[in-house]
Number of protein chains: 2
Amino acid sequence: MSSFGKIASLRHPVAINLADRPSASACEDCGARHLGLCDALSDEELVFLSSAAHRMTLPTGRLFLEEGDAAQFFYNVNSGTVRLFKALPDGRRQITGFAGPGHFIGLAATDMNVVSAETMEPVQLCRFSRAGMRAMFEEYPALERKLLDVAMHELVLSQQQMLLLGRKTALERIASFLLSWAQRQENCNTGKLPRPNAKLTLPLSRTDLADYLGLTIETVSRSLSALKKEGLIEIPNIHEVVLLRPQALENIAEAAN
Amino acid sequence: MSSFGKIASLRHPVAINLADRPSASACEDCGARHLGLCDALSDEELVFLSSAAHRMTLPTGRLFLEEGDAAQFFYNVNSGTVRLFKALPDGRRQITGFAGPGHFIGLAATDMNVVSAETMEPVQLCRFSRAGMRAMFEEYPALERKLLDVAMHELVLSQQQMLLLGRKTALERIASFLLSWAQRQENCNTGKLPRPNAKLTLPLSRTDLADYLGLTIETVSRSLSALKKEGLIEIPNIHEVVLLRPQALENIAEAAN
DNA sequence: CGCCTGCTTGATACAGCTCAATCCTTGTGG
DNA sequence: CCACAAGGATTGAGCTGTATCAAGCAGGCG
């Protein structure tokens with residue numbers, strides 16, 4: 001996946017006992033310790049990173065980042081899910097992505113935030129000042145390396161999404177989404193299809209789904225119903241989808257033949 | 001623009017005479033010397049970078065990067081314009097971006113290219129092996145810093161494009177495109193509107209425009225005609241547009257009131 | 001139990017697509 | 001220098017996929 005690979009050489013072979021160091025134990029307990037950014041860092045680096053982090057817990061539906069505001073912070077999600085979006089003055093909304101455990105927020109920014117961010121569930125995250133982060137790069141180049149990897153991966157996802165939004169039909173969008181969400185869920189990026197009967201958990205509402213796929217909730221609902229009627233999926237409840245025939249979904253998603 | 005700013009401290013205050021050093025003079029003459037990536041580097045760094053570069057000249061319409069192939073190289077455009085795109089098996093195409101002088105190609109990739117790239121005019125570019133680039137990061141961290149900046153900027157553009165593709169009307173897409181192309185042309189990113197009567201040069205065909213904006217050529221043509229009839233733009237010829245009333249275009253593009 | 005919110009389903013409207021004809025620009029050859 | 005051909009752009013007419021508007025449905029919570 002990562003074009004620069006793991007930075008194994010930077011990890012200390014000798015374990016450091018961090019139990020008595022408060023700033024480190026914060027990371028030890030963290031749900032995201034072995035995900036994303038944090039997994040790329042040695043224990044020593046984590047201690048340093050942790051000292052610069054402000055840990056926060058937010059309730060559902062909290063808008064903690066607003067498009068147009070000065071960009072002061074980066075965030076790393078520890079638990080829960082966040083939606084990132086842009087909006088037009090008349091209320092039209094485009095969700096540009098979802099950030100779950102281990103995901104990094106704030107790379108898509110200039111001096112101002114270009115997206116807003118809102119929690120979809122109770123969320124725990126670590127907040128870093130952008131200036132502090134920059135300073136850390138001097139000391140810990142692995143951090144910067146990893147951030148470049150993350151940015152490159154997000155670019156790949158963006159390109160996919162542009163194809164989806166610009167050129168795919170409603171049914172193709174839904175099929176594409178289900179498959180990409182499955183990928184994401186079994187973290188990830190094996191490039192393989194999910195196995196038949198794989199069960200997806202969607203923390204998103206139909207409205208979120210519509211705003212992510214550039215459709216209306218009605219069209220989302222109809223498309224899901226169509227896939228159900230064709231026997232490609234099952235919908236036991238509103239937040240779960242079972243992929244009965246992933247290959248058939250793939251054929252629709254990629255407009256094969 | 002750049003959230004990490006210029007890396008002024010790394011530039012040598014004392015000029016080095018490079019005239020007699022072949023690998024350096026290649027950069028001295030380059031149209032992109034003071035653009036993008038190359039402008040972020042000191043002369044010393046450029047010499048090194050240049051030694052790793054393979055300079056190429058390609059004719060119009062050359063497909064030099066194909067989606068799905070192993071990602072071996074990065075490219076830096078020196079002159080001309082390149083279109084980057086994804087396609088579906090049935091021929092539907094989504095252009096994800098255009099790369100002109102100073103632009104870097106290849107950040108949106110995993111082990112495989114996820115987009116194809118094709119020249120729209122005669123193009124000069126520098127090619128770098130990805131492995132070589134990675135090695136250079138150790139030696140010249142400014143390079144990596146700059147690459148992260150570039151990636152972040154591309155992410156910002158991607159988010160804008162997702163909003164455009166997912167939620168804007170045909171007229172709004174055209175207006176948005178004209179303004180963003182004006183920004184790009186007067187390199188760039190001042191965030192200000194172009195002055196009235198600003199003249200745009202479009203190296204792209206209507207087909208390219210359609211595939212970039214997620215529309216058909218007919219709709220592109222009709223929307224441009226509509227803007228012309230309303231007196232917001234003038235179209236002296238197929239590759240030029242004059243922005244008579246940028247503010248009015250902005251109001252359309254951003255769906256203001 | 002019944003309200004409320006979010007989802008589904010149905011009927012209709014319309015923005016943008018498709019198909020088709022014409023126009024314009026540019027390059028070529030007589 | 002003009003006639004003509006060819007490819008791209010424009011314009012028109014009708015169609016269609018998705019949006020809009022509206023009515024029912026269901027599951028969760030007080």
Side-chain angles (χ1 to χ4, degrees), chain A residues 60-61 83 88 90-95 118 120-121 164-178 200-230 233-241 252 255, chain B residues 60-61 83 88 90-95 120-121 164-178 200-230 233-241 252-253 255:
Chain A
T60 300
R83 79 182 136 240
L88 291 170
D90 61 7
R92 277 174 285 173
R93 188 178 72 154
Q94 178 65 42
I95 294 181
E118 193 174 27
M120 302 164 65
E121 313 169 272
L164 182 149
L165 293 171
R167 290 301 185 208
K168 289 189 180 178
T169 67
L171 205 61
E172 288 164 358
R173 292 180 202 205
I174 295 287
S176 301
F177 167 78
L178 291 174
L200 300 195
T201 308
L202 308 177
L204 18 139
S205 68
R206 297 293 187 257
T207 302
D208 286 332
L209 200 35
D211 285 346
Y212 182 53
L213 300 179
L215 300 168
T216 59
I217 48 170
E218 292 94 333
T219 301
V220 167
S221 188
R222 275 187 253 271
S223 302
L224 283 169
S225 298
L227 291 176
K228 186 170 68 176
K229 197 159 71 178
E230 295 297 320
I233 63 173
E234 228 162 47
I235 310 178
N237 70 67
I238 220 71
H239 290 296
E240 285 183 12
V241 176
I252 294 175
Chain B
T60 301
R83 78 183 137 240
L88 291 170
D90 60 8
R92 277 175 287 172
R93 188 177 72 154
Q94 178 66 41
I95 294 181
M120 301 163 65
E121 312 168 273
L164 181 149
L165 293 171
R167 289 302 184 207
K168 289 188 180 178
T169 66
L171 206 61
E172 289 164 357
R173 291 180 201 205
I174 295 288
S176 300
F177 168 78
L178 291 174
L200 299 194
T201 308
L202 308 178
L204 19 140
S205 68
R206 295 293 185 259
T207 303
D208 287 331
L209 200 35
D211 285 346
Y212 181 53
L213 299 178
L215 300 169
T216 59
I217 47 171
E218 292 94 334
T219 301
V220 166
S221 189
R222 277 186 252 271
S223 302
L224 283 170
S225 298
L227 290 177
K228 186 169 69 177
K229 197 158 72 177
E230 295 297 321
I233 62 172
E234 229 163 46
I235 310 178
N237 68 66
I238 220 70
H239 289 297
E240 285 183 13
V241 175
I252 293 175

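Bear in mind the structure is a predicted one, so any value in this text is a computation, not a measurement. The analysis underlying the following values was restricted to heavy atoms, covering all of them including side chains, and did not include hydrogens, waters or symmetry mates. Proteins get letters first, then strands, A, B, ... in listed order; numbering begins at 1 in each.
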Over 12 foreign heavy atoms within 6.0 Å of CD, B/Glu230: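 Check fails, neighbour count at 12 or below.
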Within 6.0 Å of CD in B/Glu121, more than 12 heavy atoms from elsewhere: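 Check passes, neighbour count above 12.
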Can you tell me the distance, in whole Å, between the [atom1] atom of [X] and the [atom2] atom of [N]?
X	N	atom1	atom2	result
A/Leu202	C/dG6	CG	C1'	15 Å
B/Asp90	C/dC17	CG	C1'	15 Å
A/Asn237	C/dT8	CG	P	11 Å
A/Arg167	C/dT18	CZ	C1'	13 Å
B/Leu204	D/dG8	CG	C1'	14 Å
A/His239	C/dG6	NE2	C1'	9 Å
A/Ile217	D/dA23	CD1	P	16 Å
B/Arg206	C/dC23	CZ	C1'	14 Å

Please name the pair of heavy atoms, one in B/His239 and one in B/Leu202, separated by the smallest distance, quoted to 0.1 Å.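 Smallest heavy-atom distance, with atoms named: ND1-O, 2.7 Å.
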What heavy-atom pair brings A/Leu213 and A/Arg173 nearest, and what distance separates the two atoms?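 Closest pair (atom of A/Leu213, atom of A/Arg173, distance): O-NH1, 2.8 Å.
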Give a yes/no answer on whether the side chain of [X] brings an N or O atom under 4.0 Å of OP1 or OP2 in [N].
X	N	value
A/Ser205	C/dG6	no
B/Ser225	D/dT10	no
A/Thr207	C/dG6	no
A/Thr219	D/dT18	no
B/Arg222	C/dG16	no

Which nucleotide in C/dG16, D/dT18, D/dA22 has an atom nearest any side-chain atom of A/Leu215: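 Nearest nucleotide to the side chain: D/dT18.
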Consider the side chain of A/Glu218, meaning its heavy atoms from C-beta on, and name the nucleotide among C/dG10, D/dT18, D/dT11 that approaches it most closely.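 Comparing C/dG10, D/dT18, D/dT11 against the side chain of A/Glu218, the answer is C/dG10.
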For A/Asp90, is there an ion pair with B/Arg167 - N to carboxylate O distance below 4.0 angstrom?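 Here B/Arg167 does not pair with A/Asp90 in a salt bridge, since their nearest N and O are not under 4.0 Å apart.
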Answer with base, sugar-phosphate or nothing: what part of the nucleic acid does A/Leu224 contact at a heavy-atom distance below 4.0 Å?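 The answer is nothing, as A/Leu224 stays clear of every strand by at least 4.0 Å.
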